[in-house]
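For reference, the structure is listed below as structure tokens.
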Amino acid sequence: MKLHSLHSWDLPPKEAIALQKKLAGQVIIDRPLDLSKVKLVAGVDVSVKDGWSQAAVVIIHLPDFHIIETVLAKQQTAYPYIPGLLSFREGPVLVEAFEKLQNIPDLFLFDGFGYAHPRRIGIASHMGLWLDKPTIGCGKTRLCGKYDTPSPQKGESAELVDKGETIGAALTTRDHCNPMFISAGHLCDLDSAIAATMLCTGRYRLPEPTRLAHKAASLAR
DNA sequence: GCGACAG
DNA sequence: ATCTTGTCGC
């Protein structure tokens, strides 16, 4: 799929933060998703090794989890890892990978956050603007906000709150495992993000899309 | 000033 | 993220 270039990625941290504050106003997270129409879900992940970033995007079909398409992209890692600026590190390779997609996913699932970010624009929200498609942030550990540990039963959740605002949820995706942190990315609200994540989750803690993307990226690296 | 800090 | 084998628990 062809996506429009919104801006340059090689920005000094200070400018990157200023850009995030500007783009945050364009992110839409109050829109319910009609899950009955979500059939193709893309999992997105990047694995970094020896200065090279290996991206993988895997599209699965719901509700059977069959793999529809897998695309890869590899680039030298030009940006350092700075908490809060992950999109500037992984954005370039991801754009290259997205351009290779032959299918148009109904939804994208990211390894990381969307709205649950200091400036409310984590990688899922940021890439959502480039994709102009619904996106969800699905992180393994918290970036910001407070939460009470949800019951250890699959499907249970607790709110992730930051500065008095609900920014996401801690969701138990597998019995007796640590929760995943879900947040709306773009063109999707939190409730839909949680429901969609459950529809994409099988017998593992990680939802199938990102779990398979992680596997594909590691294998290709 | 001090601690926290996605991948 | 990555460095790394076996091992405890549901």
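Computed from a prediction, not measured in an experiment: that's the story for all the values here. Protein chains get the first letters and strands the later ones, always in sequence-line order, with residue 1 at the start of each.
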Task: Base of B:dG7 and ring of A:Tyr81 stacked, centres under 5.5 Å, planes under 30° - done: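 A stacking contact exists, since A:Tyr81 sits close and nearly parallel to the base ring of B:dG7.
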
Task: Any A:Lys49 side-chain nitrogen or oxygen under 4.0 Å from OP1 or OP2 of C:dA1 - done: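 No.
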
TODO: Would you indicate, yes or no, if B:dG7 has its OP1 or OP2 atom less than 4.0 angstrom from a side-chain nitrogen or oxygen of A:Thr141?
DONE: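 Affirmative; the distance criterion is met.
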
Task: Test: A:Arg89 cationic atom under 6.0 Å from A:Tyr79 six-membered ring centre, within 45° of axis - done: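 Cation-pi check for A:Arg89 and A:Tyr79: fails.
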
Using modelled atom types and a 3.5 Å cut-off, is there a donor and acceptor pairing between side-chain atoms of [X] and backbone atoms of [Y]?
X: A:Thr173; Y: A:Arg205; answer: yes
X: A:Gln76; Y: A:Ser53; answer: no
X: A:Thr135; Y: A:Phe108; answer: no

Measure the distance from [atom1] on [X] to [atom2] on [N] and round it to the nearest whole Å.
X: A:His126; N: B:dA6; atom1: NE2; atom2: P; value: 19 Å
X: A:Arg174; N: C:dG9; atom1: CZ; atom2: C1'; value: 11 Å
X: A:Met180; N: B:dG7; atom1: CE; atom2: P; value: 8 Å
X: A:Leu94; N: B:dG7; atom1: CG; atom2: P; value: 14 Å
X: A:Lys146; N: B:dC5; atom1: NZ; atom2: C1'; value: 14 Å
X: A:Phe110; N: C:dA1; atom1: CZ; atom2: P; value: 16 Å
X: A:Leu85; N: C:dA1; atom1: CG; atom2: P; value: 18 Å
X: A:Arg119; N: B:dC5; atom1: CZ; atom2: C1'; value: 12 Å

TODO: Between A:His176 and A:Lys140, name the one whose nearest nucleotide on DNA chain C is closer to the 5' end.
DONE: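 The residue mapped nearer the 5' terminus is A:Lys140.
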
Open item on the list: Set out, in order, the CA-CA distance, both residues' side-chain angles and the distance that settles salt bridge (charged side-chain N to carboxylate O under 4.0 Å, His left out) for A:Lys140 and A:Asp111, then state yes or no.
Closed with: CA-CA 8 Å; A:Lys140 297 181 290 297; A:Asp111 207 330; 2.9 Å; yes

TODO: State whether the number of non-hydrogen atoms from other residues, nucleotides or ligands found under 6.0 Å of A:Lys22 atom NZ is greater than 12.
DONE: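 No, because the 6.0 Å sphere around NZ of A:Lys22 holds 12 heavy atoms or fewer from other groups.
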
TODO: Answer yes or no: are there more than 12 heavy-atom neighbours, outside A:Lys154 itself, under 6.0 Å from its atom NZ?
DONE: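 Yes.
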
- [ ] I would like to know whether A:Trp130 and A:His186 meet ring-ring contact (aromatic ring centres under 6.0 Å, His included); could you show each step before the answer?
- [x] CA-CA 10 Å; A:Trp130 279 67; A:His186 183 47; over 10 Å; no

Open item on the list: Going by the rule side-chain contact (heavy atoms from CB on, under 4.5 Å), which residues pair with A:Gln153 if we only count those two or more places apart in sequence or in a different chain?
Closed with: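 With neighbours one apart ignored, the set is A:Ser151, A:Glu156, A:Asp175, A:His176.
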
- [ ] Go through the side-chain N and O atoms of A:Glu69 and A:Gln102 and say whether any donor and acceptor fall under 3.5 Å apart.
- [x]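 Judged by distance alone, the side chains do not pair up.
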
TODO: Ignoring the backbone of A:Ser47, work out which of B:dA6, B:dG7, C:dT2 is nearest its side chain.
DONE: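 Looking only at side-chain atoms, A:Ser47 lies closest to C:dT2.
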
With a 4.0 Å cut-off on heavy atoms, is [X] in touch with a base, just the backbone sugar-phosphate, or nothing at all?
X: A:Arg142; value: sugar-phosphate
X: A:Gly139; value: sugar-phosphate
X: A:Gly137; value: nothing

Task: Positions of residues 197-221 of chain A (non-hydrogen atom under 4.0 Å from DNA chain C), listed by number - done: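 Under 4.0 Å from DNA chain C: A:His214, A:Arg221.
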
Open item on the list: Stem list for DNA chain B, please, built from Watson-Crick and G-U wobble pairs under 3.5 Å and keeping only runs of at least 3.
Closed with: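 Stem list for DNA chain B: none, no run of 3+ pairs.
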
